[in-house]
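Ligands are counted one by one from 1 in listed order, and the atoms in each one are counted from 1 as well.
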Amino acid sequence: MGIQTIGIIGAGQMGSGIAQVAASKGFKVILNDINEEILQGSLKTISKHIQRSVDKNKISAADKDQILERIRTTTSLEEFKEVDFVVEAATEKVQLKLDLFRRLDQICSPDVILATNTSSISITLIATATTRRDKVIGMHFMNPVPVMRLVEVIRGFETSDETYQTVVQLAKELGKVPSEANDYPGFVANRILMPMINEAIYALYEGVATKESIDTIMKLGTNQPMGPLELADLIGLDTCLAIMEVLYEGFSDSKYRPCPLLRKMVTAGYLGRKVGKGFYEY
Ligand code: CAA
């Protein structure tokens with residue numbers, strides 16, 4: 001029968017984006033989060049993004065309705081009894097993920113693959129919370145999910161070839177380009193991207209240039225769609241800090257030390273676009 005219904009945990013930026021893409025490609029989606037308000041907010045965001053495609057005549061209004069109808073929301077993880085595949089996109093906290101995977105392992109049918117969208121937590125570690133380590137894998141989407149083509153597919157120590165092939169195939173069906181990485185801190189995308197963002201924050205912290213100059217120099221000088229500080233705001237400063245902590249701890253190397261300014265901004269609640277303020281105001 002293949003994969004028909006995808007369970008997604010977490011209705012934040014990433015989970016909402018994954019739900020939008022999956023529903024747009026014809027999959028049924030069960031979207032889970034801890035409260036109704038977050039779920040309703042997510043549906044509103046998804047609807048707004050799909051409406052843009054209607055406005056641009058890329059899809060019809062009827063298509064939009066069908067896409068939205070394919071997404072069911074729930075605060076109860078028990079409903080994941082019905083799903084054929086899981087993508088977890090909850091907050092980047094190790095204990096939270098271990099608890100979720102323990103519960104998923106009990107709720108989901110034994111043949112269901114449990115993928116995590118974690119941006120840097122060890123897949124091998126997350127798999128230890130389950131009795132199906134061969135079916136636990138990293139499926140790392142990039143933000144904004146509907147626009148970015150890559151899915152970084154990360155094998156844990158015990159991930160089977162069958163699981164890997166299923167995820168590669170699913171990523172392609174979602175219109176993405178899968179690329180493989182092994183399970184080391186930050187995998188590939190964040191191991192390379194985050195130190196650049198952290199260095200940009202150091203440049204600001206040390207007064208090398210203004211935030212606008214840093215972003216303009218990197219954007220126009222290295223042909224990136226956004227400057228690193230602007231991108232940090234898009235990703236979320238709390239997420240950037242969490243990833244730097246994983247790199248710093250995982251490699252025990254001072255080159256990954258999170259910039260004190262990043263820590264201070266996260267403490268002060270300047271988390272980026274999602275709260276309306278970060279390096280810039282929104
Ligand atoms: N959700 C859905 N669609 C979006 C979107 C969003 N949040 N933001 C933009 N879009 C769509 C627009 O609707 C538009 O679609 P069409 O082409 O169909 O018209 C398209 O994207 C382009 O948007 P804009 O013209 O408004 O803006 P832009 O050309 O400046 O592109 C951008 C915006 C795609 C975000 C671009 O600036 C970009 O690629 N930035 C870099 C993003 C990046 O590096 N992401 C990776 C972050 S790292 C990560 O995610 C890993 C991790 O673990 C932290």
If we only count heavy atoms from C-beta on, is the [X] to [Y] side-chain gap below 4.5 Å?
X	Y	value
Ile34	Thr75	no
Pro146	His49	no
Lys274	Leu271	yes
Glu88	Leu114	no
Leu98	Gln95	yes
Thr116	Lys97	yes

Say whether Glu92 and Thr118, considering side chains only, have a donor N or O and an acceptor N or O under 3.5 Å apart. yes
Counting only non-hydrogen atoms of the protein, does one fall under 4.0 Å from [atom]?
atom	result
atom 48 (S) of ligand 1	yes
atom 51 (C) of ligand 1	yes
atom 29 (O) of ligand 1	no
atom 10 (N) of ligand 1	yes
atom 13 (O) of ligand 1	yes
atom 22 (C) of ligand 1	no
atom 39 (O) of ligand 1	yes
atom 54 (C) of ligand 1	yes

Taking only non-hydrogen atoms of [X], do any sit less than 4.0 angstrom from ligand 1?
X	value
Gln20	no
Pro146	yes
Gln13	no

Please work out which of Pro225, Cys240, Gly186 has its closest non-hydrogen atom nearest to atom 41 (C) of ligand 1. Pro225
Can you check which of Met148, Met14, Met142 brings a heavy atom nearest to atom 43 (C) of ligand 1? Met148
Check the hydrophobic clustering (I, L, V, M, F, W, Y; side-chain heavy atoms under 4.5 Å; chains of links allowed) and say if Met244 and Phe187 are grouped together. no
Within 45° of the ring axis of Phe141 and under 6.0 Å from its six-membered ring centre, is that where the NZ or CZ of Lys176 lies? no
Between Lys211 and Phe279, is NZ or CZ placed under 6.0 angstrom from the six-membered ring centre and within 45° of the ring axis? no
Decide side-chain hydrogen bond (donor to acceptor under 3.5 Å, both in side chains) for Asn198 and Tyr256; before the verdict, give the C-alpha distance in whole Å, the side-chain angles of both, and the deciding distance to 0.1 Å. CA-CA 8 Å; Asn198 195 47; Tyr256 299 110; over 6 Å; no
Taking only heavy atoms of [X], which atoms of ligand 1 are found under 4.0 Å from at least one of them?
X	value
Ile235	47 (C), 48 (S), 54 (C)
Leu193	48 (S)
Asn190	51 (C), 52 (C), 53 (O), 54 (C)
Lys56	13 (O), 14 (C), 15 (O), 16 (P), 18 (O), 19 (O)

State the CE-CD1 distance between Met139 and Ile154, to the nearest 0.5 angstrom. 10.0 Å
What distance do Arg191 atom CZ and Leu193 atom CG have between them, rounded to the nearest 0.5 Å? 13.5 Å
I need the nearest protein heavy-atom contact for [atom]: residue, atom name and distance, please.
atom	result
atom 37 (O) of ligand 1	Met226 CG, 3.5 Å
atom 3 (N) of ligand 1	Val147 CG2, 3.4 Å
atom 17 (O) of ligand 1	Lys58 NZ, 3.9 Å
atom 7 (N) of ligand 1	Pro144 CB, 3.4 Å

Backbone or side-chain N or O of Asn143 under 3.5 Å from ligand 1 N or O: yes
Considering only heavy atoms, does Leu231 approach ligand 1 within less than 4.0 Å through its side chain, its backbone, both, or neither? side chain
Proximity to ligand 1 by part of His140, non-hydrogen separation under 4.0 Å: side chain
Against Glu245, only a single residue in Lys93, Arg263, Arg257 fulfils salt bridge (charged side-chain N to carboxylate O under 4.0 Å, His left out); can you say which? Arg263
